[in-house]
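Inspection log for the structure reproduced underneath, given as structure tokens.
Heavy atoms only: backbone and side chains are in, while hydrogens, waters and symmetry mates are out.
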Amino acid sequence: MTVLKTSMRNFFAHKGRMALSAVAVLLSVAFVCGTLVFTDTMNTTFDKLFAATSPDVTVSPKGASDTGETTADNGKPPVMPASVLGEVRKARGVQAAEGTVFSTSVTVVDADKDSLSPSSGAPTIVGSWSRNDARTMKVTEGTAPKGPDQIMVDEDTADKHHLKLGDEIGVITAVGTHTAKVSGIAAFQVTNPGAAIFYLDLPTAQRTLVGQTGVYTDINVTAAPGVTDDQLKQNVTDELGGAYKALTAKETADANQKDVEGFMNVMKYAMLGFAGIAFLVGIFLIINTFSMLVAQRTREIGLMRAIGSSRKQVNRSVLAEALLLGVVGSVLGVGAGVGLAIGLMKLMGQMGMHLSTDDLTVAWTTPTVGLVLGVVVTVLAAYLPARRAGKVSPMAALRDSGAPTDARAGRIRALLGLVLTGAGGYGLYLAASADKAKDGSLWLGLGVVLTLIGFVVIGPLLAGGVVRVLGAVLLRVFGPVGRMAERNALRNPRRTGATGAALMIGLALVACLSVVGSSMVASATDQLDKTVGTDFIVQSDSGQLITPQAVRAMKQTPGLERVTEYKWLKADFTTPDGKTLKDTAITAADPSYATDLHTETVAGNLADAYRPDSMSVHQKFADDHGIRLGSTVSVAFENGSTAKLTVRAITSSDVVIDQGAMYTAITTLAKYMPADKMPLDQMVFATAKDGQQDAAYKALKSSLHDYPQYTVRDQTDYKQALKDQIGQLLNMIYGLLALAIIVAILGVVNTLALSVVERTREIGLMRAIGLSRRQLRRMIRLESVVIALFGALLGLGLGMGWGATAQKLLALEGLEVLDIPWPTITAVFIGSAFVGLFAALIPAFRAGRMNVLNAIATE
């Protein structure tokens, strides 16, 4: 009880100093709990949606996926004849059955040809209005579609794009473009996570999405009373003889949930990873806080030891304070986490993914995980300071405040830090020297971990040298105030090292990712310059295939020398070694593609692969299956017949663009593929006549004006799009890393605040001999800046080392250019100085307000 009372008294006596550490725990726990609540809520939303929209049994073609979203290579969804509906109705236990048609391989535009698709990445769905849809959608304005000139839109999409009754909408598919006017607006009865949904009547949907009537993509089956979904599925399957796929409502919902599960898990674990980084940074803050509190209470602890307190009691007293800090911070963090989850839901709503707070899901495991994690991390972080407190002897009561340094412990720490850093550096060397990326990545991971730990351990040793250099460069110009700031930073290297390490972790990751991202962009740009010999690339950003009508429009564009089609499909390969490889990708292109893409060959001439009944393979595939020039590979095309193709070229496997591609001619493919099954183009390449690039660029865009689903890019546009994609990803990661940097800033604030308290008497004496308040505040700000820059130098140097090593591994995959983004690195370094200035505002203000006489009288 005495230990607990002492702990409570000390905790509340230093409640102001504990507050920042509590905020660090709060933020870290809030991020973990917020992530769990947010992802659980998304799962609940999707579960409700899929459960509500799934009929008792769904019948679909064999080629369709379990989610029903498969689109064939011809850009149309797989279908089954209308006669299947009659057979389904004959099955026992069927109360009702209804045929429907829908597709996600569509682009929907308004009258100005602006896209109505979601910006969040959610699908755009066009389908026939059915009784099953009427269960989950309520027509709030107008009427359901009843003819070819009518279309109905969901309420969320109508609100977002300001659509109203009578507005014209265009539905663009592989069949063509169908225009209709909005006849109705329907609202979801469950939460719509963000999909844009449009409804046509059945005959119009069949003609628009498939190009023919009398077919369905799905049949929705309703069970008679007393018949279970499993019984109904069995009866329907028996009636159809297994020719079609049948799924119960639960199986359909599970398949849909599994479809989004991958994305959900990536997002969940990525966010938890960044929360872990914030926790790691928070550990340094907590260690620093308790180390300084223990140092300031050395005499007090010595007196406690002198009157009979044991080492264990002192140790437990400090740990009890940490336990209280962990509990308070974690409890507040759990509450803040729920608020953070709601904030994320609102943010996703702004991006187009609608999540209702009615579905807010807080599982019992979420607060449990947050509380346990926050308390355990806090207590573990306080263990070393608590152990140090337990070693304070009763004789410390006779000395001045402040724990004596342990020179032996310092030497051991320095030696351990050097060993860890050296081992980590060797791991990075082995990673950079690896022959295979997979092997090198293991050494890279080990090297990153060891160098990070090594720099943390060796931080106090590095602090002395780095701070002196920074002081000589930056602080000496401020005269005596600058020199005092430098000496204050050097006074306790362990404290400076720990504070700088907190900032170092976040900035090391920023620098590493910046180097990797910049190198990826530079490498891809270099590859484009070296290998792409065409002027323009045409493709759909939404993944739609390119229709023959659009290809014809491109070929009729004035100013173009050639247009190259590029198709992709699957086939079963039987190689000379007797192995059969299912669903292997093969690329069919025009012979001019050999000129449009300068792919390195290790044997033969790539142009020969486009001769009749010929193909190319890449080197790794050839080595694995004993293929040489002249070898024959049996290729059974999906939806086509089997061809015997002669290998005329072997390409290098060490390329970035089209890595692992195997080529044949479109004319060869046409021999073995029915015309109605011929795959559409994935992309099209166009090359302008000499000197007509600018005119051809404008003409090509004009030719595709009626095909807004496709984007025309020249090489400059393509490079910029690539840079933007990587930039968006990096910005999102930097945003998540900002949490760790915020916690690190709190660490600098806490360190300065506690050091000001520790130096109260010293500050009073300096003020008494003439140091002005302004000079005092400047001294503390400069001390903060030099600590922040110390952490930045360590972090940026370490991160660039990691990034350069990672680029060596990427070079094994063809990304050979190392690019250091010096503007970003410089901006981060300068920004760190402002971080230091910001962190010093409150401690400097408090120091400036000290009463001189009271400060001198402080013991």
Side-chain angles (χ1 to χ4, degrees), residues 73 434-441 520 523-524 526-534 537 564-638 642-669 672 679 681-683 685 809-817:
D73 292 333
D435 295 326
K436 295 182 179 179
K438 183 178 179 181
D439 297 337
S441 61
M520 288 176 67
S523 299
D526 180 65
Q527 284 288 322
L528 282 168
D529 290 337
K530 289 179 178 178
T531 62
V532 177
T534 187
I537 301 168
T564 303
E565 298 183 53
Y566 179 100
K567 305 176 187 289
W568 182 92
L569 70 159
K570 291 180 180 178
D572 294 341
F573 282 37
T574 302
T575 52
D577 58 1
K579 293 181 180 178
T580 299
L581 308 172
K582 297 285 186 182
D583 294 333
T584 303
I586 185 168
T587 299
D590 289 326
S592 53
Y593 190 62
T595 304
D596 291 334
L597 185 71
H598 306 303
T599 301
E600 180 184 350
T601 57
V602 295
N605 189 333
L606 187 57
D608 293 337
Y610 296 99
R611 289 161 50 184
D613 291 332
S614 300
M615 69 177 296
S616 72
V617 298
H618 60 91
Q619 186 174 15
K620 186 176 185 304
F621 187 85
D623 293 342
D624 290 344
H625 300 286
I627 296 174
R628 297 185 286 279
L629 290 182
S631 296
T632 300
V633 178
S634 177
V635 181
F637 293 106
E638 188 176 53
T642 301
K644 301 285 188 181
L645 302 183
T646 302
V647 175
R648 304 286 186 188
I650 299 175
T651 60
S652 171
S653 297
D654 298 327
V655 296
V656 175
I657 301 174
D658 267 6
Q659 188 177 58
M662 294 183 277
Y663 302 106
T664 191
I666 291 178
T667 51
T668 298
L669 176 63
Y672 302 98
D681 292 313
Q682 294 279 340
M683 58 180 69
F685 304 90
L809 296 181
L810 292 175
L812 298 176
E813 301 296 323
L815 298 170
E816 299 178 348
V817 179

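Remark: Arg611 CZ to Asn605 CG distance equals 9.5 Å, nearest 0.5 Å. Taking OG1 of Thr584 as the start and CE of Met662 as the end, the distance is 6.0 Å to the nearest 0.5 Å. Taken to the nearest 0.5 Å, the CZ atom of Arg628 stands 9.0 Å off from the CD1 atom of Ile650. Considering CD of Gln527 and CD of Gln659, their distance stands at 9.5 Å, rounded to 0.5 Å. Here the straight-line distance linking atom CD1 of Ile666 with atom CG of Asp681 works out to 5.5 Å at 0.5 Å rounding. Interatomic distance, Thr646 OG1 to Leu629 CG, rounded to the nearest 0.5 Å: 11.0 Å.
When every heavy atom of Thr580 is checked against every heavy atom of Thr574, the shortest pair comes out as OG1-OG1, 3.4 Å. Nearest heavy-atom pair across Ser634 and Thr642 is OG-CG2, 3.3 Å. Across every non-hydrogen atom of Leu645 and Ser614, the tightest pair is CD2-N, 4.1 Å. Nearest heavy atom pair, residue Ala571 against residue Ile586, reads CB-CG2, 4.4 Å. Closest heavy-atom contact between Gln619 and Ser653: N-OG, 3.3 Å. Pairing each heavy atom of Pro576 with each of Val633, the nearest pair is CD-CG2, 4.4 Å.
Using a 4.5 Å heavy-atom threshold, the side chains of Leu810 and Met520 count as touching. Counting heavy atoms from C-beta outward, Leu581 and His625 have side chains that approach closer than 4.5 Å. The side-chain heavy atoms of Asp658 and Tyr566, taken from C-beta on, include a pair separated by under 4.5 Å. Taking the side chain as every heavy atom from C-beta outward, Ser631 and Val617 never approach each other to under 4.5 Å.
Of the possible donor and acceptor atoms, none in the side chain of Thr668 sits under 3.5 Å from a partner among the backbone N and O of Pro612. A donor-acceptor pair is defined here as one N or O able to donate and one able to accept, closer than 3.5 Å; no such pair exists between the side chain of Lys567 and the backbone of Ala588. No side-chain donor-acceptor contact under 3.5 Å links Asp583 to the backbone of Lys570.
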Does the pair Thr587 and Thr664 meet the rule for a side chain to side chain contact (heavy atoms under 4.5 Å, CB included), with working shown?
-> CA-CA 6 Å; Thr587 299; Thr664 191; over 6 Å; no
Stepwise side chain to side chain contact (heavy atoms under 4.5 Å, CB included) test for Tyr672 and Asp613 | CA-CA 10 Å; Tyr672 302 98; Asp613 291 332; 2.8 Å; yes
Under the side chain to side chain contact (heavy atoms under 4.5 Å, CB included) criterion, do Met615 and Val647 qualify, and how do the steps go?
-> CA-CA 5 Å; Met615 69 177 296; Val647 175; 4.3 Å; yes
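Other residues, nucleotides and ligands contribute over 12 non-hydrogen atoms within 6.0 Å of the CG atom of Asp529.
Relative orientation of the Tyr610 and Tyr663 rings is tilted, given thresholds of 30° and 60° on the angle between their planes. A tilted orientation is assigned to the rings of Tyr593 and Phe685, their planes being inclined by 30° to 60°.
Of the N and O atoms on the side chains of Thr564 and Ser592, at least one donor lies less than 3.5 Å from an acceptor on the other residue.
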